[in-house]
Amino acid sequence: MAGAGTYPYHHQQWPPSTAPQPPVHSPAPPAPGAPPPAPPPSLSHHPPFLADNPNNRQLSNDEIRTIFIAGLPEDVKERELQNLLRWFPGYEASQVTVKGEHPMGFALFSTPHYAVSARDTLQDLVFDVDAKSVLHTEMAKKNLFFKRGIVADTNSYDQSKRLRTGGDYTNSGYSSPSPFHAPPPPVWGSHGYMNQAPQPYDPYSGYPMAAVPMPAPTPIPAPSSYVPVQNTKDNPPCNTLFIGNLGENINEEELRGLFSAQPGFKQMKVLRQERHTVCFIEFEDVNSATNVHRNLQGAVIPSSGPVGMRIQYSKNPFGRRKDGS
DNA sequence: AGCACA
């Protein structure tokens with residue numbers, strides 16, 4: 001049961017003494033006998049800020065680091081959920097999806113461990129006393145996709161009803177020198193409140209600084225999202241990729257911006273045919289091609305519409321005809 | 001599913 005004793009364990013700072021009460025109906029203040037802190041996260045193979053391309057692999061259960069939240073009141077605001085969840089260790093992003101009259105929440109954490117502990121803490125939490133809404137939480141079936149401030153549900157093409165939340169995160173870990181000479185405050189809770197984008201929790205980078213506009217270190221064009229694609233009948237790996245499933249309005253320069261930033265890129269050719277536009281990309285070696293084949297599978301870019309591109313190995317490598325020579 | 005360039 002969730003009660004006073006199961007509040008997030010960084011409760012020493014809750015609520016920050018200088019701050020007003022939070023707008024969400026918060027649970028009672030932590031009891032003195034709150035559970036001990038969870039162990040530090042094990043080294044995760046998830047890069048903390050990079051959401052995985054869902055096409056990369058099958059998710060096994062122990063890789064789920066997203067929780068599903070039911071029982072939200074109908075008038076829940078994305079921001080409400082965010083302001084509650086942002087205090088949880090490992091919180092990265094959340095989203096409210098309204099299907100019918102029942103809003104569903106999803107929250108992504110940096111590790112499965114953090115997701116589990118958030119799930120347990122939120123279980124049966126009274127979210128709104130008046131609306132009598134009590135949360136029910138489970139591990140999600142799949143991870144919330146989250147990259148560079150974009151939250152997208154990977155199993156849905158319909159984004160119309162989706163509210164999005166995600167700070168303007170950058171993809172790079174950062175460790176700025178501390179402006180304080182006193183011992184650094186705990187990672188969570190003491191640095192600002194309410195008017196600041198949530199910071200991704202990175203146990204290895206000290207603690208987040210107050211939100212200062214940070215230029216993206218490397219403005220590599222990134223797909224806005226990934227969508228699962230079926231890639232049957234691929235060809236043997238080679239140094240040239242065939243890109244299909246490009247929409248009609250595909251913009252060659254946008255494509256080029258994406259692919260030319262990939263390691264090992266050599267050249268690209270767009271082929272406009274009556275029915276479909278396709279594209280060939282040559283890389284230095286098979287390895288570079290393979291990485292792109294995996295990493296950008298299903299990538300969605302603005303000019304491609306809502307569908308993801310399908311990446312296959314080319315039947316014929318660049319510079320070699322099918323009929324020999 | 002649509003695979004060119006030489």
Side-chain angles (χ1 to χ4, degrees), chain A residues 50-60 141-148 150-162 218-325:
Chain A
L50 281 176
D52 298 320
N53 181 337
N55 295 290
N56 285 356
R57 55 200 167 75
Q58 312 268 21
L59 285 181
S60 65
K141 297 281 192 290
K142 56 206 303 187
N143 277 326
L144 185 64
F145 175 70
F146 169 64
K147 189 171 192 176
R148 293 204 182 211
I150 291 169
V151 175
D153 184 345
T154 54
N155 67 359
S156 168
Y157 288 39
D158 172 22
Q159 312 205 338
S160 57
K161 290 200 175 155
R162 184 168 312 130
T218 41
I220 292 173
S224 55
S225 63
Y226 296 91
V227 142
V229 296
Q230 65 278 29
N231 191 11
T232 54
K233 291 212 275 268
D234 204 341
N235 301 299
C238 69
N239 74 336
T240 304
L241 296 179
F242 171 88
I243 315 296
N245 219 16
L246 298 167
E248 315 204 341
N249 307 317
I250 193 68
N251 174 341
E252 175 165 346
E253 285 321 302
E254 195 179 17
L255 261 190
R256 183 176 301 279
L258 174 62
F259 286 110
S260 64
Q262 307 304 318
F265 172 89
K266 279 180 87 172
Q267 55 178 321
M268 166 180 138
K269 179 174 181 87
V270 169
L271 185 66
R272 296 212 175 251
Q273 306 174 121
E274 299 174 37
R275 293 266 294 138
H276 303 279
T277 294
V278 297
C279 171
F280 297 88
I281 302 160
E282 185 190 23
F283 292 88
E284 306 267 355
D285 48 37
V286 181
N287 237 332
S288 311
T290 299
N291 286 332
V292 172
H293 185 286
R294 175 182 52 237
N295 293 335
L296 293 180
Q297 189 67 269
V300 173
I301 61 177
S303 68
S304 70
V307 288
M309 57 185 71
R310 182 174 53 258
I311 304 185
Q312 301 177 304
Y313 295 106
S314 175
K315 285 174 186 160
N316 312 291
F318 232 108
R320 196 185 312 155
R321 301 187 61 140
K322 41 184 93 163
D323 45 289
S325 152

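Residue numbering restarts at 1 for every chain, and letters A, B, ... go by the order of the sequence lines.
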**Q** Touch check for A:Thr240, heavy atoms < 4.0 angstrom, all strands: base, sugar-phosphate only, or nothing?
**A**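 Touches a base.
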**Q** Quick one, A:Val300 and A:Val307 - any side-chain contact, counting heavy atoms below 4.5 Å?
**A**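 In short, these two side chains do not touch, never coming nearer than 4.5 Å.
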**Q** Please state how far atom CG in A:Asn239 lies from atom C1' in B:dC5, giving the value in whole angstrom units.
**A**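 Spelled out: CG on A:Asn239 to C1' on B:dC5 is 13 Å.
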**Q** Could you give the NZ-to-P distance, from A:Lys266 to B:dA4, as a whole number of Å?
**A** 20 Å
**Q** Can you tell me the distance, in whole Å, between the CZ atom of A:Phe318 and the P atom of B:dA4?
**A** 12 Å
**Q** When the distance from CG of A:Asn316 to P of B:dC5 is rounded to whole Å, what number comes out?
**A**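 Distance check: A:Asn316 CG to B:dC5 P gives 11 Å.
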**Q** Measure from CD1 on A:Ile311 to P on B:dA1 and round the result to the nearest Å.
**A**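 In whole Å, B:dA1 P and A:Ile311 CD1 are 17 Å from each other.
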**Q** Any N or O donor-acceptor pair linking the side chain of A:Asn245 to the base of B:dA1 at under 3.5 Å?
**A**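 Between B:dA1 and A:Asn245, which were checked side chain against base, a qualifying N/O pair under 3.5 Å is present.
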**Q** With sequence neighbours left out, what residues match A:Glu254 under side-chain hydrogen bond (donor to acceptor under 3.5 Å, both in side chains)?
**A**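 Only A:Ser303 meet the side-chain hydrogen bond (donor to acceptor under 3.5 Å, both in side chains) criterion with A:Glu254.
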**Q** Looking at every strand, decide which applies to A:Glu274 at a 4.0 Å heavy-atom threshold: base, sugar-phosphate, or nothing.
**A**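 Nothing: the residue A:Glu274, judged by heavy atoms under 4.0 Å, touches no strand.
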**Q** Whole-Å distance between B:dC3 P and A:Asn235 CG?
**A** 11 Å
**Q** Go nucleotide by nucleotide along DNA chain B from the 5' end; which of A:Arg275 and A:Leu241 gets its closest nucleotide reached first?
**A** A:Arg275
**Q** Tell me if the side-chain of A:Gln267 makes a donor-acceptor pair with the base of B:dC5, cut-off 3.5 Å, by modelled atom types.
**A** no
**Q** Look at the aromatic rings of A:Tyr313 and A:His293 and report parallel, tilted or perpendicular, splitting at 30° and 60°.
**A** parallel
**Q** What integer distance in Å separates A:Lys269:NZ from B:dC3:P?
**A**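 One finds 15 Å between P of B:dC3 and NZ of A:Lys269, rounded.
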**Q** Keeping A:Asn251 on the side-chain end and A:Glu253 on the backbone end, is there a donor-acceptor pair under 3.5 Å?
**A**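 Such a contact is found between A:Asn251 side chain and A:Glu253 backbone.
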**Q** Expressed as a whole number of angstroms, how long is the span from A:Ile250:CD1 to B:dA1:C1'?
**A** 16 Å
